[in-house]
Participant: 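Before we start, here is the structure in question, set down as structure tokens.
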Amino acid sequence: MSSKTKVLQVYRSLLRESEKLSAYNFRNYAKRRIRDAFRDNKSLQDASSIQAELEFATKNLDVIHRQVIVGHLYASEKLVIENNPSMTTK
């Protein structure tokens with residue numbers, strides 16, 4: 001598997017997993033940080049630095065996954081901003 005394929009796979013996995021976070025602020029922060037980090041490192045050319053960043057991203061994927069599990073154990077109500085505007089409550 002090429003490094004570009006691995007990078008895209010880890011990127012998509014991170015975004016997918018961060019979408020599962022139950023807290024709105026954590027979810028948006030994680031997605032923003034993931035996008036920023038990958039954007040900042042898109043110009044890397046050295047194979048060893050690419051590999052180091054991929055390992056760092058994989059460790060963070062594990063952290064996000066654990067946080068998703070813990071977040072679901074202690075879930076709270078959704079914020080007003082998260083509610084679907086098309087649904088009306090009576």
Side-chain angles (χ1 to χ4, degrees):
M1 186 183 305
S2 72
S3 65
K4 184 176 180 178
T5 306
K6 284 182 185 178
V7 169
L8 288 174
Q9 183 180 25
V10 170
Y11 178 72
R12 288 184 189 125
S13 296
L14 281 164
L15 287 176
R16 230 179 281 122
E17 197 65 28
S18 67
E19 194 63 42
K20 297 176 187 176
L21 288 166
S22 59
Y24 174 81
N25 289 326
F26 290 141
R27 184 172 54 246
N28 285 332
Y29 175 76
K31 290 189 299 188
R32 187 173 58 248
R33 282 295 300 131
I34 291 164
R35 288 186 188 115
D36 290 347
F38 276 81
R39 191 177 304 121
D40 291 345
N41 292 317
K42 74 179 180 181
S43 62
L44 289 178
Q45 298 294 325
D46 184 31
S48 62
S49 61
I50 292 172
Q51 186 61 33
E53 291 297 327
L54 273 175
E55 289 173 10
F56 181 71
T58 304
K59 288 179 185 177
N60 281 317
L61 178 60
D62 293 337
V63 169
I64 292 172
H65 180 70
R66 286 191 301 271
Q67 189 60 42
V68 165
I69 292 170
V70 171
H72 287 296
L73 291 174
Y74 303 102
S76 61
E77 293 184 31
K78 288 190 171 202
L79 299 175
V80 172
I81 197 166
E82 293 179 278
N83 290 333
N84 190 350
S86 65
M87 296 179 65
T88 57
T89 56
K90 295 182 179 180

Participant: How long is the straight-line distance from CZ of F56 back to CG of L61, given to the nearest 0.5 Å?
Facilitator: 12.5 Å
Participant: Could you grab the distance from atom OG of S13 to atom CD1 of I64, nearest 0.5 Å is fine?
Facilitator: 10.5 Å
Participant: Does any non-hydrogen side-chain atom of L54 lie less than 4.5 Å from one of V10?
Facilitator: yes
Participant: Do E17 and K20 meet the salt-bridge criterion of a basic N to acidic O distance under 4.0 Å?
Facilitator: yes
Participant: Should we count CD1 of I81 as having more than 12 external heavy atoms under 6.0 Å?
Facilitator: no
Participant: If we check side-chain contact (heavy atoms from CB on, under 4.5 Å) with R66, which of these qualifies: V70, V68, V63?
Facilitator: V63
Participant: Could you grab the distance from atom CG of L44 to atom CZ of F38, nearest 0.5 Å is fine?
Facilitator: 10.5 Å
Participant: So do the side chains of E19 and L15 get within less than 4.5 Å of each other, counting heavy atoms only?
Facilitator: no
Participant: Provide the closest heavy-atom pair for L14 versus A57 in the form atom of the first, atom of the second, distance.
Facilitator: CD2-O, 3.8 Å
Participant: So, R39 and D36, do they make that salt bridge, N to O below 4.0 Å?
Facilitator: yes
Participant: If you count the non-hydrogen atoms of other residues, nucleotides and ligands that lie under 6.0 Å from NE2 in H65, is the total more than 12?
Facilitator: no
Participant: Atom NZ in K6, atom OG in S3: separation rounded to 0.5 Å?
Facilitator: 8.0 Å
Participant: Nearest 0.5 Å, please: how far is OG in S22 from NZ in K78?
Facilitator: 9.5 Å
Participant: Which value, rounded to the nearest 0.5 Å, describes the distance between T58 atom OG1 and Q9 atom CD?
Facilitator: 9.0 Å
Participant: Between V7 and I50, which heavy-atom pair has the shortest distance, and what is it?
Facilitator: CG2-CG2, 4.5 Å
